[in-house]
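Here is the structure we will look at.
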Amino acid sequence: MSAHAPEPALADEAAPDERDPLARERAHLTASRSALRAMRADVESLDIRDVTANWVNAIVLQAQIDDRIKALADLAHTPLFFGRLNYLRAPGADLAEGARGEQFYIGRRHVHDAGGDPMVIDWRAPVSQPFYRASKADPQDIGLRRRFGYTGGELTAYEDEHLCDPAEAAAVSKLLQQEIERPRVGPMRDIVATIQPEQDEIVRSGLSGSVCVQGGPGTGKTAVGLHRVAYLLYAHRDRLARSGTLVIGPNRSFLHYIEQVLPALGELEVKQATIDDLVTREGLEVRGADPAATAVVKGDARMARVLRRAVRSHVTAPAQALMVVRGSRRWRVPAHELAEMVEELQNRDIRYGAARSALPQRIAHAVLVRMEQAGEAPDDRVQDAVARSAAVKAAVKEIWPPVDPAKLVLRLLSDPQFLALHAEGVLTQDEQKLLLWPKPLRSVRAAKWSAADLVLIDEAADLVERTHSLGHVVLDEAQDLSPMQYRAVGRRCTTGSATVLGDLAQGTTPWATRSWAEALTHLGKPQAVLEELTAGFRVPREVIAYASRLLPSISPDLAPVSSVREAPGSLLIEETADLTAAVVSACRAALAHEGSTGLIAADARVPALAQALLAAGLPYLSPGEETTAESRLTLVPASLAKGLEYDYVVLDEPAAIVDGEPDERTGLRRLYVCLTRAVSGLTLLHDAPLPALLT
């Protein structure tokens with residue numbers, strides 16, 4: 001492998017390409033940017049009046065044009081291409097043909113010249129795949145792989161790898177390593193230039209199958225999930241445009257941190273949400289919080305059985321015959337026949353609301369049969385009229401009344417007898433007591449709903465009417481979901497697929513996932529393929545090895561992450577008598593380095609540290625606020641650290657982080673999360689003794 005920085009000019013008689021390859025690559029970059037501007041100008045010049053006169057079509061078309069213009073934006077500090085492939089033959093050519101090899105530049109989006117010839121190939125195209133997967137052992141017909149180095153938006157270096165040259169030994173790419181380790185300010189970036197073979201295999205897996213990725217800190221699981229969405233939109237754009245895609249994250253801070261990744265790849269239409277966003281209904285909001293023991297019961301999958309019983313309990317057996325009047329005739333449907341209709345609908349196991357809508361038609365059909373037997377010739381209009389008649393409506397309301405999901409959950413949590421009736425044999429009496437509110441409330445709007453309550457309402461709503469399914473859902477930090485939350489997500493992809501991302505060792509809720517097999521069953525995707533990422537690319541080896549001391553206690557079945565990054569001196573552990581002063585000093589020292597700094601502390605310590613930082617003249621951001629070159633320090637409560645990363649982390653009082661959780665195991669898991677947020681350096685400061693596993 002050979003690396004190249006800018007070279008001095010050589011003799012004039014040398015051909016331009018021979019004497020200065022870097023200049024040729026820069027020229028191609030300039031030409032590609034020009035071609036991209038021309039592509040954008042072509043779209044901007046479109047006049048929808050030339051295409052359609054229909055105002056509805058015009059609105060839709062204009063929106064598509066606007067999206068296309070945004071997707072063709074040239075981001076000045078984002079390299080338009082990051083690699084080049086020289087094929088030995090034309091891709092797909094027969095070996096016997098001896099076809100001349102082709103050269104392709106690999107980038108974030110496709111760019112073509114005025115004649116339609118490609119100048120940059122989208123990284124998701126099949127021809128780009130060898131950029132990520134080719135190796136000395138399997139060159140995949142690639143003679144040369146070239147990587148480019150950039151400073152800002154300027155191409156400054158390149159590095160060549162001759163995959164089919166036995167004389168050239170395999171080596172680690174320095175440009176690749178520099179890109180992985182590059183200091184970060186602002187939101188999360190894409191990793192399109194650094195995707196590794198094992199990551200690429202997950203990214204390019206098909207739309208029809210679901211994938212679960214178990215990955216330790218720094219293995220790139222979040223980036224893999226986001227890049228898989230981008231790949232699926234490229235490979236199945238029409239299908240996913242109709243069915244939709246969704247990225248689900250643990251909180252708003254996390255979603256804000258990752259929100260620029262997909263737009264940087266040209267994908268602007270992927271929606272993002274938290275679990276609370278999914279289940280929030282009009283007029284309802286989270287205004288309360290459950291004790292941990294109560295939340296565990298509400299999140300248990302057995303609650304689905306309780307809710308199902310409660311919903312179906314509203315159906316009552318017909319008490320009397322139904323009389324329908326049509327003109328001068330009266331038509332009688334006996335109670336036993338009505339009961340048979342109800343039993344048949346119940347046995348079909350369809351949604352409560354769908355069955356309720358079908359019952360009037362069943363009754364009307366029975367009336368039409370009697371009409372025909374009497375010599376009449378009714379048609380479909382007569383059947384619809386009978387189904388809408390006052391007598392049929394009244395009978396259906398009595399037999400199969402409407403169910404309001406929120407009112408149903410309100411009654412379950414307020415009425416001990418109603419709960420006991422439907423939880424019998426499912427929940428113990430002690431569990432039932434945990435569910436009941438101390439003071440019953442009669443109004444849905446007056447109730448102080450918890451996050452777990454809204455998940456129950458969402459489950460009840462799906463029992464009444466089917467939830468709309470999307471084409472693909474990405475679920476990140478999934479290890480913290482309860483079984484009922486998994487069910488809520490699964491309802492959004494019953495006819496689609498899912499990418500589940502998480503790390504069992506980072507589960508910090510009382511109901512944290514115990515195994516992926518169990519979680520995928522609750523999600524409704526038991527056949528999902530489980531992939532494990534164990535190679536770390538972001539967290540330094542010294543830091544991840546220290547954090548991994550906690551694994552035997554928090555997740556003994558998981559293999560520790562093996563970091564590929566050597567960073568001597570990246571871990572500093574100090575005991576101090578004046579903890580707050582030492583933390584402020586460490587933050588100031590970290591800010592002397594390039595990149596972002598995160599001060600992570602137990603939630604209870606955050607107010608005191610905030611006051612100390614301001615007193616020291618160190619302004620700080622809150623999680624979710626975007627770091628800039630001027631504002632690079634973020635004060636992070638331990639409860640919000642998950643999924644975030646900073647170049648330098650100052651970790652305040654590990655013992656306080658552990659003590660801030662309801663039990664030691666959860667506390668150690670929270671500490672494991674906090675220890676693994678650093679990309680370049682971790683300074684751990686403490687006054688109280690460290691947890692035994694870390695000494």
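Heads up: numbering here begins at 1 and tracks the sequence.
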With a cut-off of 6.0 Å (strictly less than), are more than 12 heavy atoms of other residues, nucleotides or ligands near CZ of Arg237?
yes
Donor-acceptor pairs are to be reported for all side-chain atoms of residues 245-254 against protein atoms at under 3.5 Å, with residues two or more places apart or in another chain.
unit_1: Asn251; atom_1: OD1; unit_2: Ser253; atom_2: N; d: 3.2
unit_1: Asn251; atom_1: OD1; unit_2: Phe254; atom_2: N; d: 2.8
unit_1: Arg252; atom_1: NH2; unit_2: Asp277; atom_2: OD2; d: 2.3
unit_1: Ser253; atom_1: OG; unit_2: Pro623; atom_2: O; d: 3.1

Any donor-acceptor N or O pair under 3.5 Å, side chains Glu201, Gln199
no
Residues pairing under ring pair (Phe, Tyr, Trp, His ring centres under 6.0 Å) where one sits in residues 636-657, two or more places apart or in two chains, turn out to be His593-Tyr648
What residues, two or more places apart in sequence or in another chain, satisfy side-chain hydrogen bond (donor to acceptor under 3.5 Å, both in side chains) together with Asp453?
Lys298, Ser450
Residues at least two apart in sequence or cross-chain that pass side-chain hydrogen bond (donor to acceptor under 3.5 Å, both in side chains) with Lys642, listed by chain then number, are Asp480, Thr508
Keeping Arg588 on the side-chain end and Val584 on the backbone end, is there a donor-acceptor pair under 3.5 Å?
no
Test: Asp122 and Arg124 ion pair at under 4.0 Å
yes
Between Arg26 and Phe148, is NZ or CZ placed under 6.0 angstrom from the six-membered ring centre and within 45° of the ring axis?
no
Residues in side-chain hydrogen bond (donor to acceptor under 3.5 Å, both in side chains) with Thr499, at least two apart?
Arg228, His472
Would you please name every residue forming a side-chain contact (heavy atoms from CB on, under 4.5 Å) with Ser32, sequence neighbours left out?
His28, Leu80, Phe81, Met119, Val120
Mind checking what makes salt bridge (charged side-chain N to carboxylate O under 4.0 Å, His left out) contact with Arg40, not counting sequence neighbours?
Glu44
By salt bridge (charged side-chain N to carboxylate O under 4.0 Å, His left out), which residues pair with Glu575, not counting sequence neighbours?
none
Could you give the distance from NE2 (His468) to CZ (Arg491), rounded to the nearest 0.5 Å?
14.5 Å
Residue pairs passing the ring pair (Phe, Tyr, Trp, His ring centres under 6.0 Å) test where at least one lies in residues 652-695, sequence neighbours excluded
none
Any pair with a residue in residues 599-619 that passes salt bridge (charged side-chain N to carboxylate O under 4.0 Å, His left out), sequence neighbours left out, goes on the list, sorted by first then second residue, please.
Arg605-Asp652
Applying side-chain hydrogen bond (donor to acceptor under 3.5 Å, both in side chains), can you list everything that pairs with Arg204, at least two apart in sequence or on another chain?
Asp200
So which pairs with a foot in residues 667-695 pass salt bridge (charged side-chain N to carboxylate O under 4.0 Å, His left out), sequence neighbours left out?
Glu661-Arg670
Are Thr634 and Leu644 packed together at the side-chain level, in the sense that at least one heavy-atom pair is separated by less than 4.5 angstrom?
no
